[in-house]
Colleague: 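Here's a structure for you.
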Amino acid sequence: MAVLENVYFPKLMKIEEITTENPVNDLKTFKLVFKNQEDSKNFIYIPGQFAELSQIGMGEFPIGIASSPTEKGYLLFTIKKVGSVTGSVHYSTLGDVIGVRGPFGNGWPLEKMKGKNIVIVGGGFAFTTLRSMIYYMLAPENRANFKKITVLYGARSAGELLYKKDLENWEKRNDINLILTIDKAEPGWTKKVGYIPAVLKEISPNSDNAVAIVCGPPVMIKFSMPVLTECKFPDDAIFLSLENRMKCGIGKCGHCSVGRMYVCLDGPVFSQAELKKLPKEY
Amino acid sequence: MNPKSFEKRELQNVLQILAENYDIVGPVKEGNVLKYKKLDKFEDIYLDFVGPSAIPPKSILFPQREVLFTYELENKDVKLHDLSQQKPAKIQVIFGIRPCDAKSFALLKLFFEWGKYKDAYYLEKFNNSIFVSLACNNTKSTCFCTSVGGDPFGKENSDLQLVDLGKKYVLRSFTQKGEAVLSTLKKYADAPKEDLQKIEQINNDARKSIKTHLELGKIHEQLANMWDDKIWAKFSAACLGCGSCSFLCPTCHCFDVIDDRTDERHGARIRVWDTCQFPIFTKQGSGFNPRDAKLARARQRIFHKFNYYPTNYGVLGCVGCGRCICLCPMNSDIRDELAKVKEVKTATT
Amino acid sequence: MNKLENDLKELGKKILLDKTVGKIIGYSYGTLAGKCVPVFIDKPEEAGKLTWNSFCDTNLARYIKKEIPKEGKIAIIAKGCTGRAITQLLIEKQFPREKLYILGINCAGTIDRRRIANELGSTEILEIIEKEDKILVKGTGFEKEFPRAEYLNYLCKVCKYPIPPIYDVLVGTKEPKGHIHDKYEDTLEFEKKTPDEKWAYFNETLKNCTRCYACREACPLCYCLECFCDQTQPSWFCKSAEHSEIAVFHLVRAMHLAGRCVACGDCNVVCPMGIDLIPITRKLEKIVKDRFDAEVGIDPSKPPSLSTFCIEDQEEFFEEEE
Amino acid sequence: MTTIETPIHITNELDHWEPKIITFLCNWCSYAGADLAGVSRIQYPPNIRIVRVPCSGRISPYYLLKSLQVGWDGVLISGCHPGDCHYLSGNLVARRRFAVLKDLLDFFGIEPGRVNFSWVSAAEGERFAKIVRKVVKKIQKLGPIKKLVKENPFQPNKCEAQ
């Protein structure tokens with residue numbers, strides 16, 4: 001019998017660029033390139049999937065891929081400084097080596113989104129895989145596969161909005177409707193002010209031939225869901241990404257189990273219809 | 001090949017012969033704890049135990065602490081050393097496991113090769129192991145293998161089986177791998193007919209000695225409707241929240257992956273047993289814990305074995321060894337709990 | 001024994017009926033021979049489940065914090081060591097005294113079930129019957145008697161406080177046990193070993209530790225919301241079952257219990273691997289007695305030894321110039 | 001990063017072993033005492049590495065245990081003399097804690113002498129040097145630390161077979 005591939009063994013990547021995303025400095029985007037070109041070819045992913053990053057010597061953590069497969073040659077990860085591992089990643093400098101395993105998880109349901117109007121609702125720093133999705137849809141080779149794209153993205157303050165350059169570019173385009181909102185008014189802010197569910201209600205997206213994908217903090221999800229239902233989005237046209245504690249990323253370690261499912265293997269993206277069938281352990 | 005029989009005092013010689021081709025793992029007593037270890041001295045082997053060992057033999061294929069790879073940090077560079085690719089020089093013979101434990105290896109294999117990703121660490125070891133079960137002449141009051149489809153003399157999942165006939169042992173093989181082992185023991189005589197008849201008889205007696213009979217039927221379907229039942233709070237009231245029931249369960253397989261540093265440049269990524277019975281198991285970075293309540297953790301344990309296992313892989317995730325009953329400090333009794341689960345059904349339907 | 005049990009059942013029923021308390025934490029029979037398990041009774045008709053015998057070894061004090069009600073009171077059956085743990089928890093202000101109704105009981109010591117099981121080897125105990133001063137053990141094809149006094153848990157043999165220091169009602173007599181003058185002979189004997197022998201001893205006994213943390217969970221005084229070994233920021237110690245990590249876990253556990261351990265021995269009783277933790281418990285008791293002249297959980301007005309100090313504390317181990 | 005790193009052992013050509021001792025000094029007395037030893041050019045062995053802490057009361061048992069675990073051959077802890085604590089009683093509470101820790105380490109069989117305690121005031125540069133000399137000599141006699149040290153992961157899965 002052939003020796004099995006070691007799924008716990010990370011591939012090595014180098015930090016090529018570090019972007020600080022917010023004034024508090026606890027969100028940084030890391031641009032990583034594979035040390036070995038071969039690995040780069042084998043890393044085939046779709047938006048919404050995640051990877052296990054290793055700060056060798058400190059530990060491993062799962063994180064959504066923020067770059068889009070249409071951006072070739074590198075991967076982007078936006079990491080919030082939370083614990084000791086992510087903290088130590090924040091101390092890294094250019095050229096440091098980081099291990100990566102993946103891509104894991106199912107990703108956003110591209111097949112179900114084809115030919116549909118897309119409504120994206122994102123809040124806070126959970127916007128990472130949504131960036132990947134938007135970037136993917138806007139790529140010239142893919143744009144025709146999707147109809148109207150509406151993006152509602154909110155954060156606590158203007159400074160907390162991720163990917164400011166991308167947002168600027170998207171605002172200039174006419175094939176995407178980008179609505180930005182912040183929780184409290186700030187001097188110089190000319191766009192919407194208010195919590196995401198309220199703004200979502202205000203814009204009341206049309207649910208005809210539409211798919212909604214939602215990613216954000218639990219409170220945002222809790223209050224946005226009824227609004228989407230009110231807008232007549234059926235449960236199987238709303239998709240969410242879960243964030244259970246994960247360790248291995250491949251459905252073996254058991255940490256992320258919800259009912260008989262493993263978030264890392266069967267998810268992290270689930271439709272609202274699927275979630276209703278699962279026990280409330282997420 | 002025909003089963004071989006040999007005097008009990010010949011056992012060490014038999015092991016000696018096997019050791020020429022295989023690594024031998026067997027039960028040994030350390031303090032008062034029976035566990036499985038690679039045998040260096042064959043006189044250490046301890047086969048006169050009743051019921052299962054305290055530490056299950058899963059620790060051989062799925063050790064409590066297992067190095068996944070080691071690393072070296074050099075300035076800005078990292079060197080990783082993959083250990084899964086190192087093949088053992090010899091195949092190992094795991095000697096003297098109970099038939100229920102043999103079954104647990106098969107269940108773990110189902111799990112570790114299920115889905116898109118295969119666990120090389122477990123499967124490589126599994127494929128390079130030969131399982132020699134030790135039939136249970138006597139059973140413990142906590143044994144209930146027959147209720148979950150097992151048998152004290154179960155042949156499934158063992159390559160060979162050792163049967164204790166009082167003064168001598170009979171070694172019989174069930175698989176090709178087993179045949180190969182048996183063929184190295186040519187110098188021993190084939191077991192006579194009366195020995196084989198005796199085995200049948202002991203087997204019957206052993207089966208009868210199991211007093212627990214649970215009619216589990218389609219328990220997974222029933223559990224599906226019991227998520228919010230009151231019994232979970234009752235089961236977990238006295239639970240300490242220690243991890244013994246799952247650490248020492250032969251089919252529990254959850255683990256944690258951590259980096260164990262020896263010094264600032266060297267270390268290893270290891271995996272260690274973890275258990276859903278610890279509250280911290282599901283605690284997220286944000287501090288939110290979806291399985292914070294004790295009753296939810298008690299429910300998880302039963303659901304995993306009796307609902308998720310059957311739904312995902314079509315088998316029960318329990319082999320009926322009764323370890324969790326004997327080793328629970330608070331005497332939580334899975335037999336009792338399953339019986340109560342069954343009672344709930346009669347109450348609602 | 002039987003009288004005590006009956007009194008307990010009646011009293012339990014009474015206080016549940018007249019609503020003195022909403023719930024009783026007590027003991028009931030488990031499913032294995034000689035195992036008594038904690039039980040939580042909130043209906044008067046279930047008070048008959050309560051039991052009291054020589055196998056009620058769990059220290060129920062650990063359940064109080066979780067079970068303490070917002071309204072009304074909760075009752076707990078407290079033998080001497082449970083009472084001491086309660087006193088210590090009160091000193092540490094873990095719950096208000098008025099929420100608790102302590103049913104004190106004069107405890108005659110609990111049986112070392114593990115020792116009996118070990119002596120019987122691989123034969124299983126199917127039934128244990130307690131007679132006056134003997135324990136009758138039955139299994140398949142055998143019956144054996146063990147003298148009760150000899151097979152008590154070690155800590156029960158040297159226990160000076162069979163009655164809880166504080167209680168609301170005492171079941172049984174107040175009659176004190178014979179005077180015990182504990183000279184810590186076991187600890188002194190152990191300390192005669194050389195450092196290498198001691199280390200070898202602990203390495204040998206602790207090597208079966210699976211780090212299930214039953215000892216921590218059973219301890220009435222281990223109530224931290226986050227234990228040092230689960231802590232990740234920073235993560236001081238690794239949770240693997242490697243010999244150094246195991247030793248450090250037990251050292252720190254002991255350290256955290258110094259001046260707080262009431263020597264109930266529950267950590268020892270619950271260990272699924274049968275690791276003997278008594279020497280550590282005894283040493284802690286001795287340190288606190290010798291160095292700080294204190295006994296834990298007796299006097300509710302005394303602060304825990306390690307959160308206070310005396311100018312005159314011994315400091316013989318401090319280095320001086322040569 | 002809040003963790004204690006392994007000492008770097010510098011071995012000379014003769015492979016002569018020298019103990020590495022981690023030293024925790026309180027900010028107000030002992031650290032100043034060590035400083036005084038320095039500015040007064042009092043010689044003491046170079047085997048110690050100093051960690052400054054706000055008060056001896058700040059020293060957690062984790063520091064000591066982790067130090068031994070990652071291979072430091074010995075530990076020296078020093079604070080203000082009783083009565084001189086900048087925070088009035090930090091050193092007195094610490095003294096009780098050290099006493100228990102010392103007793104427990106002895107009980108577990110860690111050689112007495114691995115872990116050392118002392119009081120050194122800001123004016124006692126000479127005393128600091130003398131104590132360091134004494135401690136280094138003691139630990140030199142004990143040899144490299146063996147107990148409580150973590151296993152080397154480069155001998156993989158040694159504790160595999162439970």
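Computed from heavy atoms alone, side chains included, the values below leave out hydrogens, waters and symmetry copies. Below, chain A is the first sequence line, B the second, and so on; all start at residue 1.
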Colleague: Identify which part of B/T142 has an atom lying under 4.5 Å from any heavy atom of chain C, answering side chain, backbone, both or neither.
Modeller: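 Interface part for B/T142: both.
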Colleague: Do you know which of C/V37, C/V270, C/T31, C/D276 has the most heavy-atom pairs with chain B at a distance under 4.5 angstrom?
Modeller: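 Sorted descending by pairs with chain B, the first entry is C/T31.
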Colleague: Where does C/Y213 contact chain B at under 4.5 Å (heavy atoms): side chain, backbone, both or neither?
Modeller: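 Both backbone and side chain.
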Colleague: Check each atom of C/L126 against the heavy atoms of chain B and say whether the ones under 4.5 Å are side chain, backbone, both or neither.
Modeller: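 For C/L126, side-chain heavy atoms alone lie under 4.5 Å from chain B.
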Colleague: If you count heavy-atom pairs under 4.5 Å with chain C, which of B/G31, B/S141, B/G51 comes out on top?
Modeller: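 With the most close heavy-atom pairs to chain C, the winner is B/S141.
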Colleague: Kindly state whether the ring of C/F190 and the ring of C/F202 have centres lying under 6.0 angstrom apart.
Modeller: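 Yes, close enough.
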Colleague: Considering only heavy atoms and a distance below 4.5 Å, find which of B/D336, B/D256, B/D259 pairs most often with chain C.
Modeller: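 Greatest number of close heavy-atom pairs with chain C: B/D256.
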Colleague: Examine B/F255 together with B/Y121 and report whether their ring centres are nearer than 6.0 Å.
Modeller: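 No - the distance between ring centres of B/F255 and B/Y121 does not fall below the 6.0 Å cut-off.
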Colleague: Would you call B/D333 and B/K340 a salt bridge, taking side-chain N to carboxylate O under 4.0 Å as the test?
Modeller: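 Not counted as a salt bridge, because no side-chain N and carboxylate O are separated by less than 4.0 Å.
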Colleague: Taking every heavy-atom pair that is under 4.5 Å apart, which of C/A218, C/G121, C/C36 has the most such pairs with chain B?
Modeller: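 The answer is C/A218.
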Colleague: Which atoms of B/D48 come close to chain C, meaning under 4.5 Å heavy atom to heavy atom: side chain ones, backbone ones, both, or neither?
Modeller: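 For B/D48, the contact with chain C is made by the backbone alone.
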Colleague: With a 4.5 angstrom heavy-atom cut-off, which part of B/L248 approaches chain C: side chain, backbone, both or neither?
Modeller: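 Side chain only.
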Colleague: Before giving the answer on salt bridge (charged side-chain N to carboxylate O under 4.0 Å, His left out), spell out for C/E150 and C/R115 the whole-Å C-alpha distance, their side-chain angles and the decisive distance to 0.1 Å.
Modeller: CA-CA 11 Å; C/E150 170 64 21; C/R115 182 171 159 199; 2.9 Å; yes
Colleague: Among C/T58, C/V39, C/V269, C/N118, which has the most heavy-atom pairs under 4.5 Å with chain B?
Modeller: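 The candidate making the most pairs under 4.5 Å is C/N118.
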Colleague: Name the region of B/R271, side chain, backbone, both or neither, that has any atom closer than 4.5 Å to a heavy atom of chain C.
Modeller: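 B/R271 has no heavy atom closer than 4.5 Å to chain C.
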Colleague: Below 4.5 Å from any heavy atom of chain B, which atoms of C/R114 appear? Answer side chain, backbone, both or neither.
Modeller: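 It is neither, since no heavy atom gets under 4.5 Å.
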Colleague: Checking B/C245 against chain C: side chain, backbone, both or neither under 4.5 Å from a heavy atom?
Modeller: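 Contact with chain C: none, neither part.
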Colleague: Heavy-atom pairs under 4.5 Å with chain B - which of C/D230, C/D266, C/I275 has more of them than the others?
Modeller: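 Ranked by heavy-atom pairs under 4.5 Å with chain B, first place is C/D230.
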Colleague: Could you check C/D57 against C/K79 for salt bridge (charged side-chain N to carboxylate O under 4.0 Å, His left out), going step by step and ending with a plain yes or no?
Modeller: CA-CA 9 Å; C/D57 44 17; C/K79 44 186 179 152; over 6 Å; no
Colleague: Are the aromatic rings of C/Y27 and C/F55 close, with centres under 6.0 Å apart?
Modeller: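 No: the rings miss the under 6.0 Å criterion.
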Colleague: Do C/N53 and C/Y29 come within less than 4.5 Å of each other through their side chains, counting heavy atoms only?
Modeller: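 SC-SC contact between C/N53 and C/Y29 confirmed.
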Colleague: With a 6.0 Å cut-off on ring centres, are B/F62 and B/Y122 close enough?
Modeller: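 Between B/Y122 and B/F62, which both carry aromatic rings, the centre distance is not below 6.0 Å.
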Colleague: Determine whether B/L214 and B/K342 make a side-chain contact, defined as any pair of heavy atoms from C-beta on separated by less than 4.5 Å.
Modeller: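 Side-chain contact under 4.5 Å: no.
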Colleague: Would the distance check show the side chain of B/K29 and the main-chain N or O of B/Y46 forming a donor-acceptor pair, the cut-off being under 3.5 Å?
Modeller: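 Checking the backbone N and O of B/Y46 against the side chain of B/K29, no donor-acceptor pair under 3.5 Å is found.
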Colleague: Highest number of heavy-atom pairs under 4.5 Å with chain C: which of B/V272, B/N331, B/T275?
Modeller: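 Greatest number of close heavy-atom pairs with chain C: B/N331.
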Colleague: Checking B/F281 against chain C: side chain, backbone, both or neither under 4.5 Å from a heavy atom?
Modeller: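 Looking at B/F281, nothing touches chain C.
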